[in-house]
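Inspection log for the structure reproduced underneath, given as C-alpha cells.
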Amino acid sequence: QVQLVESGGGVVQAGGSLRLSCAASGRTFNTYAMAWFRQAPRKERGFVAAISGGGSRTRYVDSVGGRFTISRDNPKNTVYLQMNSLKPEDTAVYYCAAARFLEAAFRAGGVDSWGQGTQVTVSS
C-alpha cells in the first residue's frame, strides 16, 4: 500500500479556483491508478475523478466535467486536482485514493489506500 497526504484545501468564493495535491510514499506510485473522492456533510463519499498509472486515461463524474482536471507527476509521486469555476455544491472533504487499476478507482470499495482528507469550502 501507499501512504497518501493531501494538501491545498481552503475557503474560496464561488467561481474561484483551487488546486489540491496528494503526495504518495513508496517506489511503486506509477503502478497505481489514482483518484479523488469527496464527502459532504450527511452524504456518502462519492467519486470525483481518476487517472491511470501512466496518466494517459482519465475519468470524471458528470457534475465536474469541464471544470476539474486530474493530473499526476510520477517522478514526484504526486497527483493533483485542479478545480475551476467552483460552486457551493462542491463544498466537501476531498480524499485522495489509490487503486490497483483504473476501473477499481471509480468506486470507494475498489480503493486500496486513502488519504486523511482536505476540506474545500465554496462560499456563495
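Everything quoted here is computed from the prediction, not taken from an experiment. The residues of the chain are indexed from 1 along the displayed sequence.
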* **side chain to side chain donor-acceptor pair (under 3.5 Å) involving Arg67 - partner list, sequence neighbours excluded** => Asp90
* Between Trp114 and Glu6, is a side-chain contact (heavy atoms from CB on, under 4.5 Å) present by the stated rule, with each step listed? -> CA-CA 10 Å; Trp114 292 98; Glu6 302 99 332; over 6 Å; no
* Asked: Does any non-hydrogen side-chain atom of Val64 lie less than 4.5 Å from one of Arg38?
  -> yes
* To do: Spell out, as yes or no, whether a donor-acceptor pair under 3.5 Å connects the side chain of Thr78 to the backbone of Ala23.
  => no
* Asked: Under the side chain to side chain donor-acceptor pair (under 3.5 Å) test, which residues partner Asp73, sequence neighbours left out?
  -> none
* Does the salt bridge (charged side-chain N to carboxylate O under 4.0 Å, His left out) test come out yes or no for Glu103 and Arg57, once each step is laid out? -> CA-CA 11 Å; Glu103 288 73 17; Arg57 293 184 293 156; 3.6 Å; yes
* **Stepwise side-chain contact (heavy atoms from CB on, under 4.5 Å) check, Phe37 with Val111** => CA-CA 10 Å; Phe37 287 72; Val111 168; 3.9 Å; yes
* Asked: Do Trp36 and Phe68 have ring centres separated by under 6.0 Å?
  -> no
* Quick one: side chain to side chain donor-acceptor pair (under 3.5 Å) partners of Asp112, sequence neighbours excluded? -> Arg100
* Asked: So do the side chains of Arg45 and Tyr95 get within less than 4.5 Å of each other, counting heavy atoms only?
  -> yes
* Asked: Could you give the distance from CZ (Arg72) to CD1 (Ile51), rounded to the nearest 0.5 Å?
  -> 6.0 Å
* Asked: Taking it one step at a time, do Thr58 and Leu102 satisfy side-chain contact (heavy atoms from CB on, under 4.5 Å)?
  -> CA-CA 8 Å; Thr58 58; Leu102 184 61; over 6 Å; no
* Rounded to the nearest 0.5 Å, how far apart are CD of Glu44 and CD of Gln39? -> 8.5 Å
* Report the C-alpha separation of Tyr80 and Arg19 in whole Å, then their side-chain angles, then the decisive distance to 0.1 Å, and conclude whether the side-chain hydrogen bond (donor to acceptor under 3.5 Å, both in side chains) test is met. => CA-CA 7 Å; Tyr80 305 98; Arg19 188 176 81 156; 4.8 Å; no
* How far apart are the C-alpha atoms of Gln82 and Ser17, what are their side-chain angles, what is the distance that settles it, and do they pass the side-chain contact (heavy atoms from CB on, under 4.5 Å) test? -> CA-CA 7 Å; Gln82 178 66 44; Ser17 298; 4.0 Å; yes
* Asked: Looking only at atom types and distance, does a side-chain atom of Arg107 sit under 3.5 Å from a main-chain N or O of Gly46, one as donor and one as acceptor?
  -> no
* Do side-chain atoms of Arg59 reach the backbone of Ala105 as a donor and acceptor pair under 3.5 angstrom? -> no
* Any Gln119 side-chain heavy atom under 4.5 Å of Thr91 side chain -> yes
* Structure fact -> Applying ring-ring contact (aromatic ring centres under 6.0 Å, His included) to Phe106 and not counting sequence neighbours gives Phe47
* So, does Tyr60 use its side chain to make a donor-acceptor pair with the main chain of Ile70 at under 3.5 Å? -> yes
* Determine which pairs satisfy disulfide bond (SG atoms under 2.5 Å apart) with at least one residue from residues 83-124, sequence neighbours left out, and list them in order. => Cys22-Cys96
* To do: Count the heavy atoms belonging to other residues, nucleotides or ligands that lie under 6.0 Å from CD of Gln116, then report whether that count exceeds 12.
  => yes
* Would you give the length of the straight line joining atom CG of Leu81 to atom CE of Met34, rounded to the nearest 0.5 angstrom? => 11.5 Å
* **Interatomic distance, Asn84 atom CG to Leu18 atom CG [nearest 0.5 angstrom]** => 9.5 Å
* Any side-chain heavy atom of Lys87 within less than 4.5 Å of one from Val122? -> no
* Asked: Quick one: CG on Leu4 to OH on Tyr32, what's the gap to the nearest 0.5 Å?
  -> 9.5 Å
* To do: State which residues pass side chain to side chain donor-acceptor pair (under 3.5 Å) with Gln3; sequence neighbours excluded, sorted by chain then number.
  => none
* Asked: Hey, does the side chain of Asn30 reach the backbone of Asn77 with a donor-acceptor pair shorter than 3.5 angstrom?
  -> no
* Thr118 side chain to Tyr94 main-chain N or O, any donor-acceptor pair under 3.5 Å? -> no
